[in-house]
Amino acid sequence: MSRIRQTIVLIIFCCQGLVSCALGPHKAREVVIWPKAPELPRYIHESTLRTELDITKISRGEMFRRTMVGEDPKQKLAFVKPYDVAAREGRIIVSDTMANSVTLFDIPRRQVMHFGRSVEGKLVTPLGLAIDGALNYYVADGSARQVVMFNATGHFIKRIGGPSQLVHPTDVAVTLAGDRIFVVDAGGLSSNEHRVLIYDAEGALVSQFGTRGTRPGEFNLPTSVAIGPDNNIYVLDAGNFRVQVFDVEGQFVRAWGEVGRGLGNFARPRGIAIDPDGNVYVSDAAYRNVQIFDPQGTLLMWLGGDGMEDKPGQYVLPAGVAVDESRRVYIVDQLFVKVDVIRRLPPEEAQSIVAARTRQATQATAQARRGGRPQSTFPTAASGPPAVSLDQEVGVGPAPEPGQHGADTVAPNERPNPQDAVAPVVPDADLVGHREQSAPPPLMLPIESAVAVPGAVDSGAVTGEPASEATLSLPQPASQPASQPASQPASQPASQEAFQPTPDHLEQDLSESTSADQKQDRPHAIEQSDQLLSTP
């Protein structure tokens, strides 16, 4: 009997060990904040979505069962090649051009589901996404040449458009009431049908506007569309490297943007989104970031980093971008197969972070004067995506040395003190992490402006050098390396002639074909990023 008891105890001990190995050790995640110190923080990386573990909690028993049958939830991605994202009221949908479906992260229910695979609502090449006020989902299917509508649980409702009306739909936007549906038809290099079509709630075609061209109101490979709080329609005219704004009837209002390497320019724009304040977010696969403009087209700041590692806030192939009613920003990266969730900081929390930085910088300075050597509190990057919920609380720490363009990474070792939410005292830049000499000027309003209007995004004039004279530090595409003079600073971008984007790049972005080698495991070499751009 004692032998049987010992065997049982040994089995239980081994099971506990297997579960512990499956769960893995708890790792402190990096906290990324934009912009870098000493500017007032505006945005903070909150979470990364890849697997169901990013929004759900699996019991030890269930984890053990899955481990015993060879399933590892940490390795099972929720999508293969994400393209676009849309979010509303805790529902986040992500189109997957390789799995031919849409992934739903249902935060209130803590569930991950997939739809678009059934016979009735089957998707071929899901691209752009939209959600109306009733939580109905709209999916632009580029290959089926239609928009497919689903309800909040992913059940098929109806189809809109079709081959007789659409050539190559790439994105869709819908009003909150669902009474107007705007579909971007990118046409193609051999087509002049570059336009936006307007449908009513029943799916009937009401009107359309635009044709191929370069004049105001004309398009060249439009890729994305969004509706602003002013009810204007914002179209990403990717082939003309600009954003065009129209009223609800399709009448041209204004436009901004051009190809180049200056602040506010575009090189390979992919997606567009509007926040509740009317600010415009544009992702760019060449810049590897998301630029933020005010409604008139003035550049405010950008999200993203110079790094090319799979870390929070770093992107190699950013595609779709979305902003929900809580002002959370969702950014898709196709190479890293992830959706980053970035939260806008309220002024009180931002100033609390500044106060914490100041306090730690003062302590470090005092210790240095006493001859001591302050201990480093900078975090080490955790391997793999951080399994954190969207509503978790994060702490702050000292600003690190510059490593990411326009962003700070801080250690989660000190929580903000609510009593610190007063007019901030910005410490000397040398104490909290200086900017690189070649970095662009800060693109922020004075701190007082954000404090005077709680909850408002920066607006108004951009500080520093004019956009036409400043440059972004852009990566060179692997397929077109650029040489730099030896006398030029290492971080200074090469001349514009070294990389001149053309509509051919955008046509590759919109290609419907998928090669067999891309259906293998995702590439580990960054140099293959341009190859991935050959498919949606």
Side-chain angles (χ1 to χ4, degrees), residues 46-47 49-57 77-80 82-97 99-141 144 146-161 169 171-183 199-204 224-227 229 271 273-276 320-332 339 341 343 389-391:
E46 186 175 52
S47 180
L49 300 178
R50 276 194 177 100
T51 73
E52 63 175 318
L53 291 182
D54 295 317
I55 68 167
T56 63
K57 292 182 179 179
L77 298 176
F79 30 67
V80 181
Y83 180 84
D84 196 20
V85 60
R88 184 178 299 279
E89 297 182 15
R91 280 78 175 182
I92 306 163
I93 56 175
V94 183
S95 58
D96 190 336
T97 59
N100 310 118
S101 63
V102 175
T103 301
L104 167 62
F105 292 87
D106 193 328
I107 306 300
R109 293 185 174 89
R110 299 292 175 182
Q111 294 178 347
V112 176
M113 297 173 284
H114 304 271
F115 61 88
R117 297 174 174 174
S118 64
V119 176
E120 193 175 25
K122 185 174 180 57
L123 299 171
V124 182
T125 307
L127 298 175
L129 304 170
I131 306 177
D132 65 21
L135 298 182
N136 295 312
Y137 309 136
Y138 300 76
V139 184
D141 193 323
Q146 62 189 358
V147 172
V148 187
M149 182 178 176
F150 302 86
N151 65 11
T153 57
H155 289 87
F156 172 78
I157 296 179
K158 62 184 175 185
R159 302 178 186 274
I160 300 170
D171 199 15
V172 58
V174 61
T175 59
L176 278 177
D179 56 347
R180 282 294 181 270
I181 304 164
F182 300 84
V183 182
Y199 295 86
D200 62 17
E202 302 303 320
S224 189
V225 61
I227 302 175
I274 316 292
D275 70 16
V321 59
V323 185
D324 67 11
E325 70 283 353
S326 69
R327 296 176 176 82
R328 283 182 169 90
V329 184
Y330 304 82
I331 303 174
V332 171
V339 177
V341 184
R343 180 170 58 87
S389 63
L390 298 182
D391 54 358

ring-ring contact (aromatic ring centres under 6.0 Å, His included) filter on Y199, not counting sequence neighbours, yields none
For A173 and A226, the nearest pair of non-hydrogen atoms, with its separation, is CB-CA, 4.2 Å
Are the side chain of R343 and the backbone N or O of R328 linked by a donor-acceptor pair below 3.5 Å? no
Backbone of T125 reached by a side-chain donor or acceptor of D141 within 3.5 Å
yes
Q. Judged by atom type as modelled, is there a donor-acceptor pair below 3.5 Å linking the side chain of D84 to the main-chain atoms of L129?
A. yes
Under 3.5 Å donor-acceptor, D275 side chain and R327 backbone: no
task = Report yes or no: does T103 contribute a side-chain atom to a donor-acceptor pair with the main-chain N or O of F79 at less than 3.5 Å?
result = no
**OP:** Could you tell me whether the side chain of E325 and the main chain of E89 form a donor-acceptor pair under 3.5 Å?
**Re:** yes
Rounding to 0.5 Å, atoms CD (Q111) and CD (E52) come to a distance of 10.5 Å
Legend entry - I181 vs V172 side-chain heavy atoms within contact, under 4.5 Å: yes
Sequence neighbours excluded, the answer for ring-ring contact (aromatic ring centres under 6.0 Å, His included) partners of F105 is none
Mark yes or no for whether N100, through its side chain, and V124, through its backbone, hold a donor-acceptor pair below 3.5 Å.
yes
CZ (R50) and CG (L77) are apart, to the nearest 0.5 Å, by 7.5 Å
Taking every heavy atom of F115 against every heavy atom of Y137, the minimum-distance pair comes out as CZ-CD1, 3.6 Å
With sequence neighbours left out, the residues meeting salt bridge (Lys or Arg N to Asp or Glu O under 4.0 Å) with D106 are R91, R109
